[in-house]
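For reference, the structure discussed in these notes is given below.
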Amino acid sequence: MTEIAAAARPTHTRHVVLALIVGAYMITYMDRVNIASAVPVIQKDMGFSMITIGWIFASFRWGYAFFQIPGGWLGDRIGGRRALALVVVWWSIFTSLTAFAWNAASMGIFRFFFGVGEAGAFPIATRSLSRWMLPTERGFAQGITHAASRLGAALTPALVVMMMIRFGWRMPFFVFGLIGLGWAAVWYWYYRDSPGQHLRINAAERRLIEDAIGIRTVSVQSVPWRGILRSPSLWTLSLMYFCYGYSIDIYLDWFPKYLNEHRGFNLTQMGMYASLPLLAGAAGDLLGGTVSDRCARRFGNLKVARRAVALAGFLVAAVFILPATFTHHSTASVLYSCVAVFGLEVTVGVSWAIPLDIGGDYAGSVASVMNTFGNLGSAVSPVLLAYLVGMYGWNMPFLVCSALCIGGAALSLGINADKKIAWDPQSVRP
């Protein structure tokens with residue numbers, strides 16, 4: 001009887017898949033923000049100006065932005081198992097190669113190709129989840145994965161500072177590259193592109209997934225770009241994510257430097273205080289996706305559930321950036337920044353759930369368009385900040401950020417997560 005009851009209960013293979021993607025998201029942000037924590041030491045060692053560092057930051061973002069759509073296409077074309085393992089190996093190699101940089105040009109090239117690899121991570125992971133997660137779990141799934149990315153980013157400054165003090169600024173790049181290679185091996189061993197292919201899933205969990213999202217066969221299909229690019233919600237979502245991308249990049253790339261140079265924190269204090277807004281952001285990721293899912297289940301209105309959470313998050317960020325900028329107390333500035341980043345990150349679980357809501361099997365390609373725009377914002381942000389600081393001081397970049405958050409709030413009102421992207425089945429060929 002006990003064995004029969006156990007067999008009737010669904011297994012949790014989809015949650016193991018989710019846990020692996022949580023790990024991948026942590027690694028993506030550990031690899032991309034380690035350089036931000038190393039900047040004060042790199043500048044002294046290599047003699048880089050602030051504008052040079054801004055262009056090095058931007059080189060990653062341009063590679064990341066330009067290859068979002070190819071990365072999403074790769075996942076939709078060859079499946080998440082092979083595609084995600086491939087891109088993680090690629091970017092892990094270039095993470096480690098950053099340690100061999102001998103001047104600004106070489107570092108910029110390594111960071112560009114690192115961005116090319118990371119570009120596929122989120123679209124491919126989103127596509128991988130689309131075949132496994134129940135619709136009522138998608139907001140939570142996207143929330144917890146992005147929370148993990150911010151947690152990885154929050155842990156990184158202190159880890160980088162500790163390694164730099166003992167081994168120099170090059171060592172963290174070696175270590176984080178090796179972590180990524182280990183993850184890629186585990187992912188390829190465990191993940192399958194369809195629940196039906198997985199040996200560790202039982203019939204109950206398979207039925208649970210199939211009843212919720214339908215039976216998904218594994219086949220190679222062309223991506224219906226015409227239908228995708230005609231979606232008004234996609235373009236509104238993409239512009240909204242541009243506002244988010246520009247804003248969050250300030251805290252990912254420049255906040256340690258801001259604390260060190262403008263707020264007067266030493267290197268050790270910088271490592272600790274730079275982590276706090278990102279920890280607050282992790283909480284925002286968890287809350288935003290979870291609240292959106294619960295509202296959708298309770299009220300049966302996915303459109304309002306997604307819109308309301310995104311609107312609230314952007315407004316909180318826009319308001320709290322202002323006291324963080326103008327207060328004369330350095331610790332208070334960090335605390336206000338924590339609330340601002342919390343608000344920004346509340347919007348993320350919603351933003352990444354919407355490609356699953358409207359894109360179905362082509363969620364990877366939908367997410368890649370959205371993330372292209374987000375990372376165009378992130379590509380503009382570091383260079384523009386360096387020039388704005390040079391001309392107007394440190395307050396101006398944060399005022400621009402607050403204004404963009406207001407724009408993001410307005411755009412969130414135009415997204416309809418209930419309206420799935422329509423395409424002609426005849427245009428989708430194996």
Side-chain angles (χ1 to χ4, degrees), residues 28-29 32-33 35-36 50-51 53-68 111 115 118-119 122 146 149-150 153 234-258 277-278 281 284-285 288 310-311 313-322 324-325 337 339-348 350-352 367-412 414-415:
T28 62
Y29 269 72
R32 74 176 64 175
V33 306
I35 194 171
M50 190 166 172
I51 289 175
I53 289 292
W55 281 107
I56 290 171
F57 283 154
S59 65
F60 158 73
R61 293 294 180 181
W62 286 113
Y64 193 75
F66 287 151
F67 283 83
Q68 285 292 310
R111 298 304 287 180
E118 278 217 348
F122 287 11
H146 286 83
S149 71
R150 301 318 183 256
L234 171 64
W235 292 111
T236 305
L237 175 66
S238 297
L239 291 173
M240 185 186 84
Y241 211 61
F242 177 95
C243 297
Y244 164 81
Y246 182 99
S247 302
I248 197 61
D249 187 75
I250 292 176
Y251 296 95
L252 293 174
D253 284 349
W254 284 115
F255 200 63
K257 176 71 173 177
Y258 169 75
L278 299 173
D285 283 305
L311 175 66
F314 275 118
L315 291 179
V316 167
V319 169
F320 278 88
I321 286 170
L322 299 178
T325 302
S337 296
V339 181
V341 175
F342 172 86
L344 271 174
E345 293 301 309
V346 161
T347 71
V348 172
V350 171
S351 297
W352 283 89
S368 72
V369 176
M370 177 195 78
N371 210 23
T372 296
F373 276 75
N375 284 282
L376 287 174
S378 293
V380 170
S381 180
V383 177
L384 182 58
L385 182 143
Y387 283 104
L388 288 175
V389 169
M391 292 186 291
Y392 304 108
W394 274 102
N395 287 353
M396 183 58 71
F398 290 98
L399 296 179
V400 172
C401 180
S402 180
L404 283 171
C405 287
I406 293 173
L411 287 164
S412 70
I415 296 170

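All values reported here derive from a predicted model rather than from experimental measurement. Values below: all heavy atoms of this structure, side chains included; hydrogens, waters and symmetry mates excluded.
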Pairs under 3.5 angstrom only: tabulate donor-acceptor contacts from the side chains of residues 379-404 to other protein residues two or more places apart or in another chain.
from : atom 1 : to   : atom 2 : distance (Å)
S381 : OG     : Y246 : O      : 3.1
W394 : NE1    : E261 : OE2    : 3.1
S402 : OG     : A318 : O      : 2.8

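Side-chain contact between I35 and I56 is present, with heavy atoms from C-beta onward closer than 4.5 Å. With contacts defined as side-chain heavy-atom distances shorter than 4.5 Å, the pair L278/L252 qualifies. Contact of the S337 side chain with the F255 side chain is registered, since non-hydrogen atoms from C-beta on lie closer than 4.5 Å.
The ring pair (Phe, Tyr, Trp, His ring centres under 6.0 Å) search around F57 returns W254, not counting sequence neighbours. For T372, the side chain to side chain contact (heavy atoms under 4.5 Å, CB included) partners two or more places apart in sequence, or in a different chain, are Q68, I69, L376. Here F320 pairs with nothing under the ring pair (Phe, Tyr, Trp, His ring centres under 6.0 Å) rule; sequence neighbours left out. Residues that satisfy the ring pair (Phe, Tyr, Trp, His ring centres under 6.0 Å) test with W62, not counting sequence neighbours, are F66. Every side chain to side chain contact (heavy atoms under 4.5 Å, CB included) that L311 has, sequence neighbours left out, goes to L315, A409, S412, L413.
Within the model, atoms OH of Y251 and OH of Y258 stand 8.5 Å from one another, a figure rounded to the nearest 0.5 Å. To the nearest 0.5 Å, atom OH of residue Y29 and atom CD of residue E118 are 8.5 Å apart. Put simply, CZ on F242 and OG on S247 are 9.5 Å apart, with the number rounded to the nearest 0.5 Å.
T236 places no side-chain N or O within donor-acceptor distance of the main-chain N or O of L411, the cut-off being under 3.5 Å.
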